[in-house]
Amino acid sequence: MVKGLLSLFLKPNCPLCQRPAENILCTFCERKLETARFTNPLQFWQQPQPLFVWGKYDGQLKRAIAAFKYDNKPELGEYFGYQLGEFWLRVNPLKSAGRLTIIPIPLHPQKQKERGFNQAELIAKAFCQFTRDRLESQALLRVRNTEALFNLSPQQRQTNLHQAFQVNPPFLQKSLKQPILLIDDIYTTGTTVKETTRMLRAQGFSVLGVAAIATSHSSFEQPSPFKKQ
């Protein structure tokens with residue numbers, strides 16, 4: 001009874017605005033983030049590198065991702081993962097694919113130590129809790145601590161990431177049958193995904209594509225046949 005009474009007064013604060021929140025975010029911030037969500041997340045689901053993305057990397061969503069990564073707000077990873085998982089199940093382009101193996105894009109150990117967590121891994125964990133897919137957090141290793149990509153040209157990005165990743169040897173021993181979906185927070189040029197996909201496919205794994213929270217992709221969104229239920 002005491003616990004129930006305390007819960008009425010000790011509601012968690014929203015990590016974005018510090019208002020009392022019923023869940024992870026307050027209602028106000030949830031509504032603000034909803035304005036960034038694509039109505040058609042499948043607009044970029046096309047070869048050679050299919051992308052499933054939740055929203056546009058701008059405005060409130062851009063600020064929320066920055067708070068998540070740089071202001072020590074790991075609880076936002078749970079929120080983003082649930083949102084991405086719910087969206088995936090609702091408009092999944094692979095309804096006949098069955099259970100998937102989910103692999104987050106890794107951080108270099110030094111960068112992860114500085115940040116305290118790998119943002120893609122937190123998103124992937126919550127995604128799998130929602131979808132019941134198989135999580136393989138240690139399938140990929142980042143073995144070179146590369147410089148930030150946002151100021152580099154496409155050619156410089158490719159050179160920067162060359163041999164930056166490797167497939168974890170224990171993962172190679174698994175007789176994996178499920179296709180792989182990569183998870184990241186932000187999709188920009190796709191250089192990181194191309195490199196990790198290349199490495200996994202070279203080892204005989206089937207990689208379907210990548211799911212991300214946000215993209216700065218310049219293409220305009222097409223009208224969606226999907227309706228929010």
Side-chain angles (χ1 to χ4, degrees), residues 44-45 47-54 68-69 74 77-78 80-82 84-85 87-89 92-149 157-215:
F44 307 120
W45 190 264
Q47 298 298 334
Q49 191 163 290
L51 166 67
F52 183 94
V53 66
W54 190 85
F68 170 36
K69 294 166 65 173
E78 183 177 0
F80 287 137
Y82 285 157
L84 190 62
F87 217 19
W88 175 265
L89 290 182
N92 183 358
L94 307 168
K95 293 186 185 298
S96 62
R99 195 177 183 216
L100 303 177
T101 293
I102 306 300
I103 297 179
I105 298 295
L107 283 180
H108 187 270
Q110 180 60 36
K111 187 170 289 186
Q112 184 163 336
K113 182 179 179 181
E114 293 170 359
R115 183 167 297 168
F117 56 87
N118 173 10
Q119 68 275 5
E121 183 180 3
L122 294 186
I123 294 168
K125 283 181 178 179
F127 181 96
C128 289
Q129 288 172 0
F130 199 94
T131 64
R132 303 303 179 190
D133 287 316
R134 171 178 175 172
L135 178 65
E136 288 285 353
S137 293
Q138 304 303 315
L140 290 172
L141 303 175
R142 196 162 194 149
V143 294
R144 283 203 303 112
N145 195 4
T146 54
E147 61 180 297
L149 300 181
R157 288 172 184 242
Q158 188 171 355
T159 302
N160 187 44
L161 288 174
H162 181 62
Q163 295 184 337
F165 302 94
Q166 72 176 37
V167 182
N168 202 352
F171 184 69
L172 291 173
Q173 307 305 316
K174 297 185 178 183
S175 55
L176 186 67
K177 296 182 180 179
Q178 298 100 336
I180 291 169
L181 180 69
L182 298 168
I183 297 284
D184 209 353
D185 59 334
I186 306 167
Y187 183 97
T188 50
T189 64
T191 308
T192 300
V193 173
K194 288 177 184 176
E195 179 63 15
T196 51
T197 297
R198 181 191 66 78
M199 296 192 64
L200 287 164
R201 287 177 175 166
Q203 297 294 337
F205 296 108
S206 171
V207 181
L208 297 173
V210 59
I213 293 300
T215 184

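Because the structure is a prediction, the values reported are computed rather than measured.
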(request) Only counting residues at least two apart or in another chain, list the ones meeting side chain to side chain contact (heavy atoms under 4.5 Å, CB included) with Glu121. (result) Pro104, Gln112, Asn118, Lys125, Ser137, Gln138

(request) Look only at the side chain of Arg142 and the backbone of Pro106, and say whether a donor-acceptor pair between them is shorter than 3.5 Å. (result) yes

(message) Rounded at 0.5 Å granularity, tell me how far CH2 in Trp54 sits from CD1 in Ile123.
(response) 11.5 Å

(request) Identify the two heavy atoms, one from Ala212 and one from Leu51, that lie closest to each other, and give their separation to 0.1 Å. (result) CB-CD1, 4.3 Å

(message) One thing to verify: whether Glu195 and Arg198 come together as a salt bridge, which I'm taking to mean a side-chain N less than 4.0 angstrom from a carboxylate O.
(response) yes

(request) Report the distance from atom CG of Leu89 to atom CG of Asp133, rounding to the nearest 0.5 Å. (result) 7.5 Å

(request) Determine the sole option in Val207, Thr196, Ile180 for which the side-chain contact (heavy atoms from CB on, under 4.5 Å) test with Arg201 is passed. (result) Val207

(message) Please enumerate all residues that pass side chain to side chain contact (heavy atoms under 4.5 Å, CB included) together with Pro74, with sequence neighbours excluded.
(response) Asn72, Phe117, Leu122

(message) Quick one, Leu84 with Phe130, criterion side-chain contact (heavy atoms from CB on, under 4.5 Å). Give me CA distance, side-chain angles, the key distance, then yes/no.
(response) CA-CA 9 Å; Leu84 190 62; Phe130 199 94; over 6 Å; no

(request) With sequence neighbours excluded, tell me which residues meet side chain to side chain contact (heavy atoms under 4.5 Å, CB included) with Arg134. (result) Arg99, Thr101, Glu136, Lys174, Leu176, Gln178

(request) Kindly determine whether Phe205 and Phe171 satisfy ring-ring contact (aromatic ring centres under 6.0 Å, His included), including the steps that lead there. (result) CA-CA 11 Å; Phe205 296 108; Phe171 184 69; 4.9 Å; yes

(message) Please find the pair of heavy atoms, one from Ile105 and one from Ala120, that lie closest to each other, and give the distance.
(response) O-CB, 3.5 Å

(message) Tell me if a side-chain donor or acceptor on Asp185 pairs with a main-chain N or O of Gln119 at a distance below 3.5 Å.
(response) no

(request) Begin with the C-alpha distance, continue with both residues' side-chain angles, and end with the deciding distance and a verdict on side-chain contact (heavy atoms from CB on, under 4.5 Å) for Leu182 and Val193. (result) CA-CA 8 Å; Leu182 298 168; Val193 173; 4.1 Å; yes

